[in-house]
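Just below is one structure, and these are the notes that go with it.
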Amino acid sequence: MQTVTNPILVTGCAGFIGFHLCQRLLNEGLAVVGIDNLNNYYDVSLKQDRLSILKKDKSFTFIKCSVENLELLESLFDRYSFNIVLHFAAQAGVRYSITHPHGYIQSNLVGFTNMLECCRKFNVSSLIYASSSSVYGQNKQLPFSITDRVDTPISLYAATKRANELLAYTYSHLYNLPTTGLRLFTVYGPWGRPDMAIFNFTNLILKKEPIEIYNNGYMKRDFTYIDDCIESVYRLVKKGPPRDIHPPYKIYNIGSHQPVQLLDCIDLIETHLGDKAIKRFLPLQPGDVPETFADIDDLTMDIHYKPRVSIDEGIKRFIKWFKDYYQIK
Ligand SMILES: NC(=O)c1ccc[n+]([C@@H]2O[C@H](COP(=O)([O-])OP(=O)(O)OC[C@H]3O[C@@H](n4cnc5c(N)ncnc54)[C@H](O)[C@@H]3O)[C@@H](O)[C@H]2O)c1
């Protein structure tokens, strides 16, 4: 296990996954510097509320910063001498990338390159970054394996995430920078992202507004409960970077290996809400893939952990949080 003395840098700390990750690291007694630009892609008060929880811990330092701002980033790397960088800041969302491509280029490509350059220049010993299951595009062979070809992304978002993996490979090769990319599969849970299906459907059902179901409901997702995602990331941090291979470059799928039909997921939301959805069936949307399914053999072998939270339990916990947070009786 690697020893950690300097603070860990978490980018996107006010976001859904970054927030939970910071909480976990702080609970483990580690010092964390979190950065985020608090953009308004979704309700900023949700980001502020996550941040207020983190700020209660004396071992947490927040700096408002865009990952495009290389000068500020370099001054932070210089001041804190980070050994471990967990890069989760990005412009997320498949559908939004169809209409807003430039934001993805800035945050996900310019920002990612800045992160690589800082890690190289300041001799960071481990960069772990968020990729996405969307890199698998319309691959037909299931489950999706890290050894599959992934050169046909069908959204700009997916293309930027795949580009991140390729850029990371180059830095691992050229500069021996240890990098670990995480292909995350539809992470959900308390403090989740309002643009994602489970959050959005819950919100609309409670408001008695129709929910839009794409591909006429023929969608399957390998939903990953947030605690399982965070446990996996934390174990990878503890395990240390891939040093015994050249280049020191790894990719993992982080999923639950349990794909669920979207309509079954909606049934569970209805059951736990005690309310019925008004359903509008629509065709498959550009950029969307009909099915995701993660092969997690590599991950489970390396971290000795398998996701544990079932979709039923996960949705139950999410709805409890949603009702508490929005004070719904
Ligand atoms: N949630 C999922 O299911 C999922 C799936 C695949 C990949 N991912 C990836 O995981 C990471 C975290 O996703 P999330 O669901 O927590 O999303 P999120 O939008 O809640 O979190 C991202 C955070 O990054 C910040 N950010 C965005 N652009 C920035 C920039 N240029 N500079 C500084 N901060 C910036 C945002 O303000 C936000 O707080 C992202 O890289 C995302 O692409 C998430």
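All ligand and atom numbering here is 1-based and tracks the order in the structure.
By the 4.0 Å heavy-atom criterion, Phe185 is excluded from the residues contacting ligand 1. For the ligand labelled ligand 1, residue Ala14 lies inside the 4.0 Å heavy-atom shell. His87 does not count as a contact of ligand 1, since none of its heavy atoms falls under 4.0 Å from the ligand.
For atom 18 (P) of ligand 1, the nearest non-hydrogen atom from the set Lys47, Arg193, Met196 belongs to Arg193. The residue among Ile254, Asn37, Ile17 with a heavy atom at the shortest distance from atom 13 (O) of ligand 1 is Ile17. Remark: among candidates Gly15, Cys13, Ser132, the nearest residue to atom 21 (O) of ligand 1 is Gly15, based on non-hydrogen atoms.
Under 3.5 Å, the side chains of Asn253 and Tyr136 contain a donor-acceptor pair of N or O atoms.
With Phe112 as the fixed residue, the ring-ring contact (aromatic ring centres under 6.0 Å, His included) test singles out one of Tyr171, Phe88, Tyr129: Tyr129. The side-chain contact (heavy atoms from CB on, under 4.5 Å) test with Val32 is passed by exactly one of Pro7, Ser59, Cys22: Cys22.
At most 12 heavy atoms of other shown residues, nucleotides or ligands fall within 6.0 angstrom of atom NE2 in His102.
Clustering ILVMFWY residues whenever any of their side-chain heavy atoms sit less than 4.5 angstrom apart, transitively, puts Trp321 in the very cluster that holds Phe16.
Polar contact check, Tyr157 against ligand 1: a nitrogen or oxygen pair lies under 3.5 Å apart. In terms of polar-atom proximity, Gly18 is not counted as a contact of ligand 1, lacking any N or O under 3.5 Å from an N or O of the ligand.
Looking at Ser131 against ligand 1, only its backbone comes within 4.0 Å, counting heavy atoms.
Atoms of ligand 1 lying under 4.0 Å from at least one heavy atom of Tyr42, given by number and element, are 18 (P), 19 (O), 20 (O). Close approach of ligand 1 to Lys161 (heavy-atom distance below 4.0 Å) involves ligand atoms 40 (C), 41 (O), 42 (C), 43 (O).
Both the sub-6.0 Å distance and the 45° axial angle are satisfied by Lys47 relative to the ring of Tyr42.
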